[in-house]
Each structure stands twice: as C-alpha cells, then as structure tokens.
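For reference, the structure is listed below as structure tokens.
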Amino acid sequence: TSKPSGTTSSKPVTSTPASNSLLQNARKVLKYDIKGTPVEYFIIGDVVYLTLHTPNRLVVLDTNTGELLCNLDLPDEPGDLKRYGDEMWISFPYMSQIRKYDIRTYEFKETLDIGMEVSSFDVYGDYLFFATHRQFTRVFRYNIKTGQSDIIVGLFEADLMVNAENNLIY
C-alpha cells in the first residue's frame, strides 16, 4: 500500500469500486492505492474503517495525516461492517459468523456463531438484527446477552427499523 498524496479541493469526489479509492475530508482530497475491492466502511472523525475482499482485509486510514493505521488479514470474505460502542463488528457470510474487533487496537475479541449466513445486520441495544438469504430473506433477532435468536419476519428486502423497545416498526 502506497502513501497517499493530497491536494486541496472543494469539488465533490467520485470513486469506483476498483483498486483506488478517493476519500475527502474538509481540508483535502486523498488518493489511496488500496489493493482489493471495497465492501463496507464507516468513518469516525478523520479515520476511515474499510473492509476489502480479494484480498480479505480490514484497512484503517487516517485521512488527516495520510497514515495507514491498520492493514489486517481477515479469515474469509467480509460482509457487513458496523460500529458498536468500542467495537467493530464484521460479518463473514460464508462462515456464518460475526466477529468483533477492538476499534482502537484492531485486535480480535470474540466470535458470534450465528449458525446461518448473515447477509446484513445491525445492532440495537442488546439485540443483533440480521437478515439471511436461504430460500428467501428472513430477518432474525439475536439476543447478545443470552445467545437466543428468533425469526421476526420474512421479507423480500433486508431493510428494517426498530423502536426504543426493540420492536419491529418496518
């Protein structure tokens, strides 16, 4: 991975899901030569957390300094990537798992063995909501504390919303 180059710009940035990714913060546009196909990302301040496949990696970039903070091999092709407190949660659909990593040290913390392919997920309160594509899409609710799960709805799309009481709204 090469050191990014920066230029001052106020124009919007477009990018393609190829080997190069353009990221813009308030001060400059940075071009990173990243090998792999971007899967998911989230941003905290000036730091971008990005999962790639081919190769399967977690990459963390500081867009303010241009520093590559993390370039970690992942055990399989990643799916969804979410932040939950001081953790990053990454789904591995073909392993039927979600793995937790420390958001500051990038160290592996724990595996949730879901028992089925997780195509997308979100975390709210004590619950993990996830969708799986078996014969058709089903949405499950998984209690993080007890490890119990139940099907809450069968849908054709995996978008859902819950309220503060963890009840499905849509």
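The closest side-chain heavy-atom distance from Thr37 to Leu52 is not below 4.5 Å. Contact annotation: the side chain of Ile43 never approaches that of Tyr49 to less than 4.5 Å [non-hydrogen atoms, C-beta and beyond]. Two residues are said to be in side-chain contact when any heavy atoms from C-beta on lie closer than 4.5 Å; Glu67 and Leu61 fail this criterion. Put simply, the side chain of Cys70 reaches to within 4.5 Å of the side chain of Leu58, judged on heavy atoms. Using a 4.5 Å heavy-atom threshold, the side chains of Met88 and Phe42 count as touching. For the pair Ile90/Thr51, a side-chain contact is recorded, criterion being any heavy-atom separation below 4.5 Å from C-beta on. Using a 4.5 Å heavy-atom cutoff, the side chains of Ile103 and Ile44 are in contact. By the 4.5 Å heavy-atom criterion applied to side chains, Lys100 and Leu112 are counted as neighbours.
Although no hydrogens or angles enter the test, the distance criterion places a donor-acceptor pair under 3.5 Å between the side chain of Thr63 and the main chain of Asp46. The backbone N or O of Gly115 lies less than 3.5 Å from no partner atom in the side chain of Asp113, so there is not a single donor-acceptor pair. Here the side chain of Ser91 pairs no donor or acceptor atom with the backbone of Ile98 at under 3.5 angstrom. Between the side chain of Arg83 and the main chain of Gly85, a donor-acceptor pair closer than 3.5 Å is present. A distance-only check finds a donor-acceptor pair linking the side chain of Tyr84 to the backbone of Gly125 [under 3.5 Å].
With no hydrogens or angles considered, no side-chain donor-acceptor pair links Gln148 and Asn143 at under 3.5 Å.
A pairwise comparison of heavy atoms in Asp86 and Lys109 identifies OD1-NZ, 4.2 Å as the closest pair. Closest non-hydrogen pair, Pro55 versus Lys35, comes out as CD-O, 3.5 Å.
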**From CA spacing to verdict: side chain to side chain contact (heavy atoms under 4.5 Å, CB included), Gln97, Ile114** = CA-CA 5 Å; Gln97 295 178 345; Ile114 302 301; 5.9 Å; no

**Message:** Set out, in order, the CA-CA distance, both residues' side-chain angles and the distance that settles side chain to side chain contact (heavy atoms under 4.5 Å, CB included) for Asp80 and Val118, then state yes or no.
**Reply:** CA-CA 8 Å; Asp80 226 350; Val118 177; over 6 Å; no

**Asked** Leu81 and Val39: side chain to side chain contact (heavy atoms under 4.5 Å, CB included), yes or no, with the steps?
**Response** CA-CA 8 Å; Leu81 168 68; Val39 178; over 6 Å; no

**Request:** Check the pair Phe121 / Phe129 against side chain to side chain contact (heavy atoms under 4.5 Å, CB included), numbers first and verdict last.
**Result:** CA-CA 5 Å; Phe121 75 95; Phe129 294 88; over 6 Å; no

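For Arg99 and Glu110, the salt-bridge test fails: no basic side-chain N is under 4.0 Å from an acidic carboxylate O.
Ring planes of Tyr142 and Phe130: perpendicular class, angle over 60° (limits at 30 and 60°). The aromatic rings of Tyr101 and Phe108 sit perpendicular to each other, their planes meeting at more than 60°, with 30° as the lower class boundary.
Taken to the nearest 0.5 Å, the OH atom of Tyr94 stands 8.5 Å off from the CG atom of Asp76.
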